[in-house]
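Read the structure below first, then the notes.
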Number of protein chains: 2
Amino acid sequence: MTTYEREIYAVITTSNEHLTVEQIFAEVRKTYPRVVLATIYNNVNKLCKAGLIRRVSVEGIPDRYDRIQKHDHLVCRRCGELADITFEDLTASLRETVGDTFLSYDLKVFYLCPRCRKK
Amino acid sequence: MTTYEREIYAVITTSNEHLTVEQIFAEVRKTYPRVVLATIYNNVNKLCKAGLIRRVSVEGIPDRYDRIQKHDHLVCRRCGELADITFEDLTASLRETVGDTFLSYDLKVFYLCPRCRKK
DNA sequence: ATATATTTTAGAATCATTCTATCTTATATG
DNA sequence: CATATAAGATAGAATGATTCTAAAATATAT
């Protein structure tokens, strides 16, 4: 692991939020002021391919990066904010339906977050 | 409904595939050669907001448009190709977990499509 | 110690999508 | 019917996240 890989991995896994590349960039910059945005892109891609982090893509907003530990996501339909939920694991059931080419799944649950609910 | 809305709606709902804006554009053009790409964008957006069609966003490839009738999607991890599956309806169970701010959900199942499997 | 591979930097390029301004068509009102 | 107003379509520029390319720096291996 390179310095940046380690640093970016740490930023993502120690954060309780779902960080965008820009947010990771801002964070890494505090320690390594000369880092460049492309380096963050390079490394989140590498970390994703290595299976150490996961990308969370929500339509219309920049991709976010997250720890891999199994969990699903709540997405606010109004503001796009992400939150974690842990719903029952569908793996076995899906593998049965799909067959042995099944790889993984992504469950996004749309809702109104508490803040948006008030409005 | 305007002429284009009707036409675009028809193209999407009569197709067995999951069409991109470009594909819809090509199709509509056959009947209305003077149509412009922005018109397709305007109208798919309007149709989505009206709840007559749904957008299917898969990371890294252009958005696709689909009929609304409840079903889930298989996404090939290798080529991005989409296919339909109908998995058990999780609505009731999710509403229980999430509460009454629950709106809807999106389940994507990643697999290897038959074509990619061969390689 | 030198060659080779990997990583980073810098900035240009890409490309789906949105936006703005203008023109056209449809609808409503007197 | 004529004119006003709203809605839709066109054309093309703008946006913005992400990727790509080429060069520079750093690390690894022989």
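Transitive grouping of hydrophobic side chains (ILVMFWY, heavy atoms separated by less than 4.5 Å) brings B/I53 and B/V35 into a common cluster. Hydrophobic clustering places B/L47 together with B/L19 (ILVMFWY residues linked when any side-chain heavy atoms are closer than 4.5 Å, directly or through intermediates). If you chain together hydrophobic residues whose side chains sit under 4.5 Å apart, A/V98 and B/Y105 fall into the same group.
A/F110 carries A/R77 over the face of its six-membered ring, with the cationic atom under 6.0 Å from the centre and within 45° of the normal.
Using bins of under 30°, 30° to 60° and over 60° for the plane-to-plane angle, the ring pair A/H71/A/H18 lands in the tilted bin.
Rounded to whole angstrom, the span from the CD atom of B/E59 across to the P atom of C/dA16 amounts to 16 Å. With rounding to whole Å, A/R6 atom CZ is found 16 Å from C/dT8 atom C1'.
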All N/O donor-acceptor pairs, side-chain side in residues 112-119 of chain B, below 3.5 Å, sequence neighbours left out:
unit_1	atom_1	unit_2	atom_2	d
B/R117	NH2	A/D100	OD1	3.1
B/R117	NH2	A/D100	OD2	3.4

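Defining each end axis of the helix from C/dA1-D/dT30 to C/dG30-D/dC1 as the rotation carrying four pairs' C1' atoms onto the next four, with five pairs an end, the two axes are found to diverge by 20° to 10 degrees.
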Go along nucleotides 6-22 of chain D 5' to 3' and tag each nucleotide: B for a protein heavy atom under 4.0 Å from its base, S when only backbone or sugar atoms are that close, - otherwise. --SSBS-----SBB---
The test is side-chain contact (heavy atoms from CB on, under 4.5 Å); show your working for B/Y9 and B/N43 and say whether it passes. CA-CA 9 Å; B/Y9 178 75; B/N43 284 299; over 6 Å; no
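A/K108 has a carboxylate O that lies under 4.0 Å from a charged side-chain N of A/D106, or vice versa, which qualifies the two as a salt bridge.
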